[in-house]
Amino acid sequence: MTSAVPAISTDYAQRRRKLMELMGENSIAILPAAEPAMRNGGTEYAYRQNSDLLYLTGFLEPHSVLVLMPGREHGEMVLFCQDRDPSMELWTGYRAGPEGACKTYGADDAFPIDDVDDILPGLLEGRAKVFYAMGCNQNFDLQLMEWIKQIRSKARSGIYPPHEFVTVDHVLHELRLLKSKEEQSTMKQAGKISAQAHVRAMQICKPGMMEYELEAELLHEFVRNGARAPAYSSIVGGGANGCILHYIENNAELLNGDLVLIDAGCELDGYAADITRTFPINGRFSEAQAALYEIVLDAQQAAFDVIVPGSHWNQPHEATVRVITEGLLKLGLLEGDLEQLIEQEGYRDFYMHKAGHWLGMDVHDVGDYKIGGEWRVLEPGMVLTVEPGIYVSPHNTDVDEKWRGIGIRIEDDVIVTRTGCDVMSDGVPKTIQQIEQLMAG
Ligand code: GLY
Ligand code: MN
Ligand code: MN
């Protein structure tokens, strides 16, 4: 647990207001904190707050529950949290306590978490609609069911449980999908720090080093800039390890003549960056590596070209598929008719994932990709990754040996603007010439 009080942005109150407007009268939203996770024995993983709760409050402590009740006379926001306790705080750091929850975090009312069973059923009574992320926190799901059961037993006194349960996702995650100016600025900073980390790894990389030595450089750059954790486990895959999409062992030697694929980004103030670069361990691309690399780079540019308001979500992916399939045909890794290969997904042995995902507080951020069965239309303020790749399995005997074991992905983070998109992670080079120049220096 952290003892630091985060900067309380005015955004939080505004976000709660917007959410409550969408929920409507006579409803209640219940958002529990993330549960701490044990690493082993007596130690926990570093605590990470649930993104929804963080988005609405900035509150970083575990064992807390946010309750929002639009239009409630005695206060719309109630926060249950850990009570102050000097003997516990000596071990785990300062707590806001109910008093701090009101003073610092803007709660209208706050109670010790130990009282939640006594108080929350009363708040549920008489509310028609409950907004809650069912299925995300099993312990809390059961606790909520228990409260509902209690209210049910009062039917003969004319007290009934809420009759409508709505997943909070639709309303809240639509808000999270569109990033405010303040969020955009944090994400740009996360992109900048992460890009610097990739530059550092490129500059230090030499044949004979271990993958984890590059991972150490990334972490060093994140932490020294105040981003205390990576947004996800860093991927550092030399040679054919670059073909394993979620490779995180990072314990192999980096060999002369191979590429290394690094997929790493920091989390800054709750916001993720997600960058991938692939570069030659010895600083010079081979002809085969360069040929495949240029295709991936062109594919990414083709995706950027269609990221404008009004395009639909899948258009960037479709653009990358076309460039990659065309490129693989030209080089002889694929054979046949371009349109047919695209139609029948004949490229999937080499390019088996989507070109990107929403990015925000979660690396794979919230927000629907389809609305009413149709790909959603891009709007200014949405942030997404663009990450095409080509991966030639070392076991693929259908292609010339020179291609085997080459894995390449190039990933950047972009924000949709009114006229197109801004790349937030361009502080690290990605053309062959720029990379070779940086590594030579
Ligand atoms: N690093 C996870 C991803 O690129 O989606
Ligand atoms: Mn990534
Ligand atoms: Mn990604």
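When a ligand or atom number is given, it counts from 1 through the structure's own listing order.
- Using bins of under 30°, 30° to 60° and over 60° for the plane-to-plane angle, the ring pair W375/H312 lands in the parallel bin.
- In this structure a side-chain-to-backbone donor-acceptor pair under 3.5 Å is missing from K354 to P388.
- Listed by number with element, the atoms of ligand 1 under 4.0 Å from a non-hydrogen atom of H357 are 3 (C), 4 (O), 5 (O).
- Any protein N/O/S atom under 2.8 Å from the Mn ion (ligand 3) was counted, giving 4 altogether.
- When the options L254, L259, N256 are evaluated for a side-chain contact (heavy atoms from CB on, under 4.5 Å) with N282, the one that passes is N256.
- Geometrically, ligand 1 and R409 share no nitrogen or oxygen pair separated by less than 3.5 Å.
- Taking a cutoff of 4.0 Å between a charged side-chain nitrogen and a carboxylate oxygen, R228 and E267 do not qualify as a salt bridge.
- The pair R376-E174 counts as a salt bridge, with a side-chain nitrogen and a carboxylate oxygen less than 4.0 angstrom apart.
- Taking the charged nitrogens against the carboxylate oxygens, R95 and E89 have no contact shorter than 4.0 Å, which rules out a salt bridge.
- Near H364, with a cut-off below 4.0 Å to any heavy atom, the atoms of ligand 1 are 2 (C), 3 (C), 5 (O).
- Under the side-chain contact (heavy atoms from CB on, under 4.5 Å) rule, L329 has a single partner from I324, L341, D337, which is L341.
- With a 4.0 Å cut-off on non-hydrogen atoms, E411 touches ligand 1 through its side chain and not its backbone.
- The proximity of D274 to ligand 1, defined as any non-hydrogen pair under 4.0 Å, is limited to the side chain.
- A tilted orientation is assigned to the rings of Y351 and H317, their planes being inclined by 30° to 60°.
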